[in-house]
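Nothing here was measured: the structure is a model prediction, and the numbers come from that model.
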Amino acid sequence: RLLSPLHGLKMLRQFCRIASKQTRQRIGNKYAFSSSVNNESSSWNSKLMIGGITTASLGTAAYIVNTRTNDNDLLDIQQSPQQLPQQSSIDNNKKEGKLMSTVIKPGIEPYALTTKHTKNHATKEEVDSITDISKYMDSYPIIPLSDVRDHYSPDVGDGSVWVTWKGGVYDVTQFMDHHPGGSTRIEMVGGNDLSGYWKIYTLHFREHIQELLQKYRIGNLTAEDRKTIEAESALNNHYITDPPRDPNVTHADTITDDLIIASLHPYNMEPRDLKVLSDNFYTPNELFWVRNHNAVPLIEEDEYLLEISGNNVKSIELTLSDLKTKFKKYEIPCTIQCAGNRQEDYNTSDNPLYVAPHWHNTAIGNAVWGGCKLRDVLKYAGLDVDGMSLGTKEYNDLNWVSFLGYDEDETGVQYGGMIPIEKAIDSWGDCLLVYEMNHTELPRDHGYPIRLIAPGHAGCRQVKWVKTIELLDRPSELDSGSKLDRHFAPNICFDKLRNEGHLENKEEEDEMAKAPVIQTLPVQSIICDWINENDEEITIRGVAWAGGGKAIARVDVSCNGGDTFKGAKIITPIKTTWNRNWSWVHFECKCPLSKENKQRLKNGQELNIELVSKAVDDNFNAQPENMEPFYNVLGVCINHWKRVNVTIKPNK
C-alpha cells in the first residue's frame with residue numbers, strides 16, 4: 001500500500017543516477033546518506049545495495065527501510081490535549097522567551113545571535129511532559145495491535161485511518177484532507193507507528209503539533225504492543241536526491257549563522273539576516289529563500305521533457321534544448337514571495353498556527369529570471385494567444401493553465417499549481433519558463449531545469465521542475481493549493497477548519513467551501529536595517545513590494561511606534577510602469593529623534609523605540625495597522641505594519 005512497483009523502479013533509476021553522478025552532483029555518503037540504516041533489524045527480507053543505499057524489494061517498497069536513531073537525538077514535543085485528565089505543565093511563556101524583546105544588532109531579528117533553534121523547537125522535557133502515557137491510561141481504553149493494523153486506509157474496512165505514537169492510538173481520518181503534507185503521506189503510515197516517519201519529518205516535533213495530535217486520541221497500546229509497533233516503524237530518507245545540505249543541520253527549526261531552516265525534509269529555508277534583502281537589489285542565489293514540498297528531483301538535461309496538452313492545443317513534448325533554441329529568450333526582474341511570509345507573527349502561544357513551514361520575514365527575494373515566454377510556447381502548441389489577447393478569438397472551455405512538477409512525495413503525488421489563462425497569454429504578463437536565475441543556470445532547489453515564473457503571483461503558483469502543462473476549463477483536482485492556499489475570514493479557526501465537512505453550522509461550511517484560493521499577494525514592506533546617525537536621527541532601510549504588478553507609491557516610516565510617520569525615499573534601478581512592476585523596491589528614511597530621545601543618547605543612555613513601516617501601492621491600498629482584523633487560519637497574505645522594537649546605543 002506504500003508504493004507501486006512502477007514507482008519503485010523510478011526511484012531505483014534515480015538511485016543509480018546518484019551513484020554514478022556523485023562527483024558532478026556533489027551527492028555522497030557525507031551528506032545524502034547520513035541516515036543510519038540498521039540492516040539486521042529491517043523487516044524486509046529482500047535487499048539490494050546500490051551505491052551505498054539499502055533499498056527494499058521492488059515489489060513491495062523500493063526504499064522503505066529501518067532508519068534507526070536514538071530518540072534523544074530528536075526534537076521533542078509538548079502537548080496540550082483536548083479532553084485530557086491533565087494539561088501540560090510546561091510554561092508556554094518560555095517559548096516566547098526565545099525571542100528578543102528588543103533587537104540590538106540590525107538585521108538579525110527576532111532571534112539573538114547565540115540562538116540555535118526557533119521558538120517552535122521543543123525540548124526533551126516538553127516531550128516527556130506531553131507523551132507520558134500514565135496521564136492517559138485512566139481516560140482511554142487499551143486497543144489491540146491487530147485492530148490498529150486493520151485501520152490503515154480509507155478504502156479498507158470502515159474507512160478510518162489510525163496511527164500510533166508514544167503508546168497512544170489516534171484516529172486521524174478526519175484530519176487527512178487538512179494535513180499540510182497531503183493526505184497520502186498520512187495514509188502511508190496508516191496502521192503503523194509514527195516514530196520512523198517523524199525521524200525524517202522532524203518538523204512535527206513542535207509543541208502545538210503534538211497538542212493537536214492529542215485531539216485525535218482514541219486509546220492506548222499495551223507496553224508490549226508499543227514496543228512491537230515502534231520496532232517495525234521505518235522509512236528511508238526520500239530526500240537523498242536533494243542538493244547537499246549542511247551536515248550539522250539534522251532537524252527542523254534550526255538556526256545557523258546564515259539561515260533559518262524551518263524544515264529539513266522537505267527543505268524550507270530563509271536567510272537569517274534581513275540585511276540580505278536590503279543590501280542586495282538582486283538576492284544572491286545561495287541566500288534566496290527555498291520552499292520545497294517534496295524531494296528535489298534529479299533530472300538530466302538530455303532527459304528532460306515538458307509535456308503540453310489540454311483544451312485547444314496539440315499534445316506535444318519539448319526538450320530543454322527546444323525551449324532554449326526554438327523560442328526567444330527574455331530576462332525579467334521579478335520578486336517572489338511565499339504566500340505565508342511572516343507566518344510567525346500569527347504563531348502565538350495562545351493561538352498557534354498549524355501550517356508549515358512557519359516563515360519569519362525573509363521568504364521573499366528578487367532575481368533576474370531568464371527563459372522563454374509561456375505564451376510563445378502555448379502559441380507553438382496551437383493556441384491562438386494573439387487572438388485571445390485582441391478579443392478576436394474566444395474559447396469557452398479554457399480558463400486555467402495547470403502545472404505539475406517532476407517532484408513528488410513518497411506515494412507518487414506531484415506538486416501542482418495553476419494560474420488563470422488571462423495571465424498566461426498576456427504579452428505584458430511576462431510569464432516565463434525559466435532556465436536561468438541571476439544570469440546563471442537555474443539552481444536545483446529553484447527548479448532546474450525549468451520552473452514557471454508568473455510575475456506578481458504568489459510563490460506557490462510558480463511551480464518548479466515543470467513536467468506538464470495542461471489547459472483546462474475548470475480548476476484541476478491536482479492543484480496543491482486548492483485546500484492549503486484558501487483565504488478565510490477571522491471567524492474560521494483551526495478547530496472549525498479541521499472539522500470541515502462535519503460542522504453543524506452549515507453557513508460556515510459553505511463559507512469554507514467558497515473561500516477564494518490566492519493568486520496574487522497584497523502590498524508588503526519589511527524593515528531590514530537601521531543606523532544611529534550621530535544621536536540625532538535613525539536611518540531605516542528595507543524592502544517593499546506589491547503583488548499583481550502594482551507599483552509602490554509610498555513607504556511611510558515611523559520611529560515612535562506609528563504615532564507619526566515620514567515618507568521614505570524609494571530606491572530602484574527599474575523604471576516604474578503601470579501594472580507591470582514585478583520587482584521590489586528598496587526604501588530608506590532618515591527619521592529625526594525627539595528632543596528627549598536625543599538628549600537621552602547624548603547622556604550615554606540606551607534608547608528603546610519601535611520602528612514601523614507601512615507601504616502603499618499605486619491603487620492606494622495600504623498595509624493594515626494590526627493583524628487581528630485580517631487574521632486567516634492558513635497563515636497566508638500576512639501584511640500588517642512591520643514593527644521592530646530596537647535598542648539604540650549611543651554613539652561614542
Indicate yes or no: at least one non-hydrogen side-chain atom of [X] is less than 4.5 angstrom from one of [Y].
{"X": "V103", "Y": "N645", "result": "no"}
{"X": "L503", "Y": "K496", "result": "yes"}
{"X": "Y152", "Y": "V156", "result": "yes"}
{"X": "V633", "Y": "V355", "result": "no"}
{"X": "H265", "Y": "H238", "result": "no"}
{"X": "I364", "Y": "I526", "result": "yes"}
{"X": "Y406", "Y": "I299", "result": "yes"}
{"X": "L634", "Y": "R486", "result": "yes"}

Any donor-acceptor N/O pair, [X] side chain to [Y] backbone, under 3.5 Å:
{"X": "T115", "Y": "Y111", "result": "no"}
{"X": "Q414", "Y": "K467", "result": "no"}
{"X": "R272", "Y": "T256", "result": "yes"}
{"X": "S160", "Y": "T173", "result": "no"}
{"X": "T254", "Y": "V249", "result": "no"}
{"X": "D193", "Y": "I229", "result": "no"}
{"X": "K199", "Y": "N236", "result": "no"}
{"X": "N268", "Y": "P266", "result": "yes"}
{"X": "Q343", "Y": "H358", "result": "yes"}
{"X": "N499", "Y": "H502", "result": "no"}

Please find the pair of heavy atoms, one from [X] and one from [Y], that lie closest to each other, and give the distance.
{"X": "T362", "Y": "P271", "answer": "OG1-O, 2.6 Å"}
{"X": "N632", "Y": "H487", "answer": "ND2-NE2, 3.2 Å"}
{"X": "F630", "Y": "Y346", "answer": "O-OH, 3.3 Å"}
{"X": "W165", "Y": "T131", "answer": "NE1-CG2, 4.1 Å"}
{"X": "L203", "Y": "S263", "answer": "CD1-OG, 4.1 Å"}
{"X": "H151", "Y": "D147", "answer": "ND1-O, 2.6 Å"}

Could you walk me through whether T283 and V276 pass the side chain to side chain contact (heavy atoms under 4.5 Å, CB included) test, one step at a time?
CA-CA 7 Å; T283 312; V276 168; 4.1 Å; yes

At what distance, to the nearest 0.5 angstrom, does [atom1] of [X] lie from [atom2] of [Y]?
{"X": "C637", "Y": "I518", "atom1": "SG", "atom2": "CD1", "value": "4.5 Å"}
{"X": "W162", "Y": "D171", "atom1": "CH2", "atom2": "CG", "value": "7.0 Å"}
{"X": "L277", "Y": "C528", "atom1": "CG", "atom2": "SG", "value": "4.5 Å"}
{"X": "I240", "Y": "L298", "atom1": "CD1", "atom2": "CG", "value": "10.0 Å"}
{"X": "D485", "Y": "D479", "atom1": "CG", "atom2": "CG", "value": "7.5 Å"}
{"X": "Y136", "Y": "D138", "atom1": "OH", "atom2": "CG", "value": "13.0 Å"}

What's the verdict on side chain to side chain contact (heavy atoms under 4.5 Å, CB included) for H251 and L264, showing C-alpha distance, side-chain angles and the deciding distance?
CA-CA 6 Å; H251 49 70; L264 187 58; 5.8 Å; no

Salt-bridge test for [X] and [Y]: reply yes if a basic N is under 4.0 Å from a carboxylate O, no otherwise.
{"X": "D132", "Y": "K166", "result": "no"}
{"X": "K227", "Y": "E232", "result": "no"}
{"X": "R444", "Y": "D242", "result": "no"}

State whether a side-chain donor-acceptor pair under 3.5 Å links [X] with [Y].
{"X": "E207", "Y": "N120", "result": "no"}
{"X": "T164", "Y": "N192", "result": "no"}
{"X": "D345", "Y": "H640", "result": "yes"}

Might you confirm whether atom CG of D158 has over 12 heavy atoms from other residues, nucleotides or ligands at distances under 6.0 Å?
yes

Take atom CD in E286; do more than 12 heavy atoms of anything else shown fall under 6.0 Å from it?
yes

Under 30°, 30 to 60°, or over 60°: which ring-plane class applies to W289 and W359, parallel, tilted or perpendicular?
perpendicular

Evaluate the ring planes of H204 and Y201, with Trp represented by its six-membered ring, and classify them as parallel (under 30°), tilted (30 to 60°) or perpendicular (over 60°).
perpendicular

Candidate list H360, K119, R206, test side-chain contact (heavy atoms from CB on, under 4.5 Å), partner N347, passing option
K119

Is the charged tip of R245 near the ring of Y267: under 6.0 Å from the six-membered ring centre and within 45° of its axis?
yes

Y354 six-ring face occupied by R498 cation (under 6.0 Å, within 45°):
no

Applying side chain to side chain donor-acceptor pair (under 3.5 Å) to E230 and S195, what does each step give before you reach the verdict?
CA-CA 7 Å; E230 287 181 352; S195 56; 5.4 Å; no

Should D445 and N292 be marked as a side chain to side chain donor-acceptor pair (under 3.5 Å) after you check the CA-CA gap, both sets of side-chain angles, and the distance that decides it?
CA-CA 8 Å; D445 265 327; N292 293 340; 3.1 Å; yes

Passes side chain to side chain donor-acceptor pair (under 3.5 Å), Y197 versus R185? Steps please.
CA-CA 10 Å; Y197 299 77; R185 277 195 170 113; over 6 Å; no

In sequence, state the C-alpha distance, the side-chain angles, and the governing distance for Q214 and Y170, and then conclude on side chain to side chain donor-acceptor pair (under 3.5 Å).
CA-CA 8 Å; Q214 297 310 309; Y170 305 89; 3.0 Å; yes

Start with the C-alpha distance between V296 and Y239, add both sets of side-chain angles, then the distance that settles side chain to side chain contact (heavy atoms under 4.5 Å, CB included), and finish with yes or no.
CA-CA 7 Å; V296 177; Y239 297 86; over 6 Å; no

Before giving the answer on side chain to side chain contact (heavy atoms under 4.5 Å, CB included), spell out for T222 and R226 the whole-Å C-alpha distance, their side-chain angles and the decisive distance to 0.1 Å.
CA-CA 6 Å; T222 65; R226 173 182 173 178; over 6 Å; no

